[in-house]
Number of protein chains: 2
Amino acid sequence: MAQTSSTITRYDAYKQKMQQVADIRHAIAVLGWDQETYLPEKGAAFRGQQITTLSTLAHELFTAPQLGELLDALNREKETLEPVAAKNITLSLEDYQKNKKYPASFVAELSQTTNECYHAWINARKEGNYAVFQPVLNRMVELKRKEADLLGYVDHPYNALLNEYEKGATTTMLDKIFSDVKTALTPLLRNIEQRPQVKKDFLHLHYDRNRQWEFGIQLLKDMGYDMTAGRQDVSEHPFTISFSPQDVRVTTRIDENDFGNMTWSCIHEGGHALYEQGLDTTAYGLPSGEAASLGIHESQSRLWENNVGRSLVFWQHHYPQLQQLFPDNLGTVSLQDFYKAINLVQPSLIRTEADELTYHFHVMVRYEIEKGLLEGTYQTKDLREIWNSYYKEFLHVDVPNDTQGVLQDIHWSHGSFGYFPTYSLGSFYAAQFFTAAQQQIPGLTGQIAEGKYEALLSWLRQQVHRHGRYYTSNELCEKITGQPLDFKYFLEYATQKFGNIYGL
Amino acid sequence: MAQTSSTITRYDAYKQKMQQVADIRHAIAVLGWDQETYLPEKGAAFRGQQITTLSTLAHELFTAPQLGELLDALNREKETLEPVAAKNITLSLEDYQKNKKYPASFVAELSQTTNECYHAWINARKEGNYAVFQPVLNRMVELKRKEADLLGYVDHPYNALLNEYEKGATTTMLDKIFSDVKTALTPLLRNIEQRPQVKKDFLHLHYDRNRQWEFGIQLLKDMGYDMTAGRQDVSEHPFTISFSPQDVRVTTRIDENDFGNMTWSCIHEGGHALYEQGLDTTAYGLPSGEAASLGIHESQSRLWENNVGRSLVFWQHHYPQLQQLFPDNLGTVSLQDFYKAINLVQPSLIRTEADELTYHFHVMVRYEIEKGLLEGTYQTKDLREIWNSYYKEFLHVDVPNDTQGVLQDIHWSHGSFGYFPTYSLGSFYAAQFFTAAQQQIPGLTGQIAEGKYEALLSWLRQQVHRHGRYYTSNELCEKITGQPLDFKYFLEYATQKFGNIYGL
């Protein structure tokens with residue numbers, strides 16, 4: 001069937017409407033970025049209201065009947081469209097139908113509650129008291145249950161929310177993966193526990209703020225992050241945010257007594273940012289110009305953070321630079337000792353500071369809690385106790401206070417339930433992708449040892465970034481690696497790496 | 001007539017719609033602030049598009065027929081409303097009717113052209129070549145003529161644009177004022193020319209960036225600027241921008257070889273910001289929560305910048321602090337010499353660096369040019385020559401290049417035609433207001449000499465800020481000073497101050 005001029009007109013109209021929605025969503029993103037970087041204290045209330053207004057508008061525009069009619073018409077004539085355009089229509093129609101399930105009043109209430117919840121979380125952390133957060137969190141959980149009902153689901157209400165971040169993810173799939181994690185990683189962790197622990201005290205000497213900053217910026221540039229299409233700022237919780245592929249910003253935090261905090265946040269967020277900068281600029285506002293899923297997004301940050309950024313070869317190049325910046329702290333520390341220290345495995349309290357192995361137990365805690373809250377077996381009033389007992393069970397640690405416990409993550413205050421599992425999925429995708437990269441890029445290890453990442457970045461651009469949402473996570477995984485997601489790649493990577501470090 | 005419950009419902013609906021429009025306009029303001037402070041280079045194109053989309057939406061919402069019907073209904077039952085509410089309806093209806101005159105396509109085109117024009121101006125300045133700016137400026141001028149036609153006017157198309165910034169201002173009124181300026185200030189300037197010039201070389205020694213910054217922040221705090229409801233950043237051109245009375249931001253620029261640049265930009269923008277922070281928070285989005293006019297806005301910045309910030313008593317308190325910060329530069333310079341230097345009168349090239357007297361000749365140049373462009377007696381292609389010849393005529397200086405000449409101001413690139421005259425009006429209002437303040441606040445001069453501004457700020461809050469747009473500029477002036485705007489107050493102030501400095 002030949003493409004008619006009315007199809008072209010309709011596709012252009014669709015594109016224009018999608019870009020308009022994208023413009024508003026990106027404006028919301030700018031307001032959100034400002035909120036977490038530069039907003040003066042008293043500005044919070046009006047800012048919340050402004051974000052709510054824009055969210056409502058974006059929702060109205062994206063659920064307008066005219067857009068629905070356009071999508072229906074284009075869907076009927078889809079076979080006349082180019083494959084990417086056809087996929088855009090399929091995905092936008094899915095998104096549209098999903099969004100139509102949300103009444104405008106629900107969107108406004110969610111936006112307003114998110115704002116209150118975020119500020120309650122901030123205050124609760126200041127006071128170190130979960131009770132300050134609990135009442136608003138409870139409203140948020142109720143809204144999330146309502147959201148699951150609105151969206152509809154098979155088997156488990158949590159599936160509706162998981163699907164928002166990782167299309168196709170289910171509790172059945174995640175129960176299986178986390179069971180594998182427990183089965184396979186527990187003996188590895190037990191073996192490590194019995195080995196003499198490596199030293200890492202030199203990572204906690206005083207590391208000057210400005211020099212850390214300088215080092216982080218240099219790492220971002222070395223990775224290929226385009227500083228003319230982005231910038232780094234400081235925030236409480238590091239994040240990446242995109243206003244277009246031409247303006248993708250990262251934030252970091254600097255702890256002068258913990259060198260690692262800033263460094264791996266830079267590499268991690270840099271990985272996210274490279275993905276966003278690598279999206280197709282001409283597809284701005286369309287599914288083909290958006291990231292495939294959060295799991296795939298996280299695969300990009302984890303690949304850079306861990307598979308590259310915590311490898312021995314990476315530091316062969318960067319460690320001498322670091323020693324020059326901090327000669328008093330690192331001048332007499334060997335590369336091997338540094339490498340071991342940055343890969344120390346030890347159960348701990350804080351997810352974002354966890355090592356690559358115990359990390360997944362942190363995620364598991366959150367997964368179990370979210371699942372329980374959604375199905376109603378857990379109540380927000382009991383969350384402190386539930387959290388602490390899971391930490392005892394999975395990580396063998398006692399939680400000394402709420403700030404280091406149940407209040408440590410920003411996600412629930414943002415209403416992001418179903419997000420955490422994508423962190424583990426991301427690590428597992430990363431391991432599988434990086435194995436493929438090592439097979440497909442000749443001399444990759446040698447290049448990393450020289451601080452050269454062009455070939456790796458270009459491979460990622462080609463294999464992942466440029467496709468946007470054209471492939472689902474699993475399709476992408478099969479396309480790149482020839483197989484669906486398999487935990488064994490992570491297990492092989494981890495067994496080899498930590499076997500070497502701990503002499504197992 | 002008693003207020004009915006349906007009136008209350010209608011007024012609430014009106015308020016809600018106005019706040020929604022305000023939310024979008026403030027979101028645009030955040031995007032604009034970011035554009036001039038932190039936007040990475042490549043982000044400009046999509047940012048322009050995002051601002052255009054939001055501008056179009058704000059326009060659509062503010063011109064929606066439902067709002068018109070609501071305003072008409074409330075206008076009919078106005079006598080049942082409280083005076084402030086009734087005035088809000090009158091003003092919003094005026095605004096509404098004015099906005100209805102702009103087709104959505106015009107708004108989008110203006111926003112898009114403004115974005116292009118701004119970037120053309122940036123590039124033209126980089127190259128020091130007006131020709132880079134001229135073609136886009138020409139389109140802007142054509143749009144502005146079209147705008148004047150759309151709005152309608154009496155006597156002169158420029159009146160339509162003037163009215164946007166200063167309700168009631170006309171070329172007739174401004175021709176008269178600028179003629180007074182020329183008649184009265186020219187002999188004063190000629191007398192000053194014949195006196196020995198004061199020394200000011202010490203203002204152009206090296207002033208450390210960070211110390212200047214620190215001093216500026218301290219001045220803002222001393223003035224009463226609430227740092228928890230605002231912040232200062234750096235931009236090419238200093239400005240004040242409000243996202244709500246609880247988030248009013250200022251920017252400054254720092255020249256390490258010109259101490260005055262940062263200092264008076266801080267005080268000037270601080271004056272604007274105090275006005276915005278002093279607006280009624282509960283009237284967010286309503287005329288009673290907005291500034292009266294640009295002339296009145298400028299009266300606040302000028303009063304602080306000049307009547308306070310360039311006075312001898314102000315520096316009695318602050319000069320010792322400044323000497324402590326910069327002992328090498330100022331340790332041996334007396335207060336009197338410093339005071340004379342910061343008030344040096346000398347025709348120059350750059351408006352923002354001009355003294356209080358020649359400043360108005362800079363404004364006059366722009367006024368004459370804008371008037372000429374609007375009526376068609378001037379063409380943009382001739383603007384460099386026209387500019388340079390006016391500078392020769394009014395200020396007796398030769399313009400060496402476009403960056404210091406016709407490209408020096410950001411305003412035309414923003415499409416702000418009709419804005420400049422408010423700078424002079426602001427100075428004249430400031431002189432008249434400050435005369436009243438000195439009469440009405442017991443011991444004001446003594447307080448300023450001690451660095452205490454609470455009484456002055458509270459007087460300004462009471463007399464000016466809290467009223468919002470309830471009074472027009474002229475009503476406000478009569479209310480505060482008992483008379484309409486009169487240039488004689490400025491002339492008296494200037495004659496006395498500069499007579500003393502130059503021993504006339």
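Both backbone and side-chain heavy atoms feed into the values below; hydrogens, waters and symmetry mates do not. Order of the sequence lines sets the chain letters (A, B, ...), proteins ahead of strands, with each chain counted from 1. The model shown is predicted, which means the values in this text are computed figures rather than measured ones.
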Would the number of heavy atoms belonging to other residues, nucleotides or ligands and lying under 6.0 Å from [atom1] of [X] be above 12?
X        : atom1 : result
A/Lys126 : NZ    : no
A/Glu60  : CD    : yes
B/Arg211 : CZ    : no

Next on the checklist: Nearest 0.5 Å, please: how far is OG in A/Ser244 from CZ in B/Arg47?
Outcome noted: 8.5 Å
Checklist entry - Out of B/Asp34, B/Thr56, B/Leu54, which one racks up the most heavy-atom pairs below 4.5 Å with chain A? => result B/Asp34
Checklist outcome for this item: Sorted by chain and number, sequence neighbours left out, salt bridge (charged side-chain N to carboxylate O under 4.0 Å, His left out) with A/Arg461 holds for none
Checklist outcome for this item: residues 216-230 of chain A vs chain B, non-hydrogen distance cutoff under 4.5 Å, contacting residues -> A/Asp226, A/Met227, A/Thr228, A/Ala229, A/Gly230
Checklist entry - Taking the inter-plane angle between the rings of B/Tyr38 and A/Tyr38 on a 0 to 90° scale, is it parallel (under 30°), tilted (30 to 60°) or perpendicular (over 60°)? => result parallel
Item to check | Taking every non-hydrogen atom, the tightest pair across A/Pro40 and B/Gln246 | outcome: CG-O, 4.5 Å
Checklist entry - Which region of A/Leu61, side chain (C-beta onward) or backbone (N, CA, C, O), has a non-hydrogen atom less than 4.5 Å from a non-hydrogen atom of chain B, or is it both or neither? => result side chain
Item to check | Any B/Arg249 side-chain heavy atom under 4.5 Å of A/Leu39 side chain | outcome: yes
Checklist entry - Which of residues 19-31 of chain B have a heavy atom under 4.5 Å from any heavy atom of chain A? => result B/Gln19, B/Gln20, B/Asp23, B/Ile24, B/His26, B/Ala27, B/Val30, B/Leu31
Item to check | Contact listing (chain A partner; residues 274-288 of chain B; heavy atom under 4.5 Å) | outcome: B/Thr281, B/Tyr284
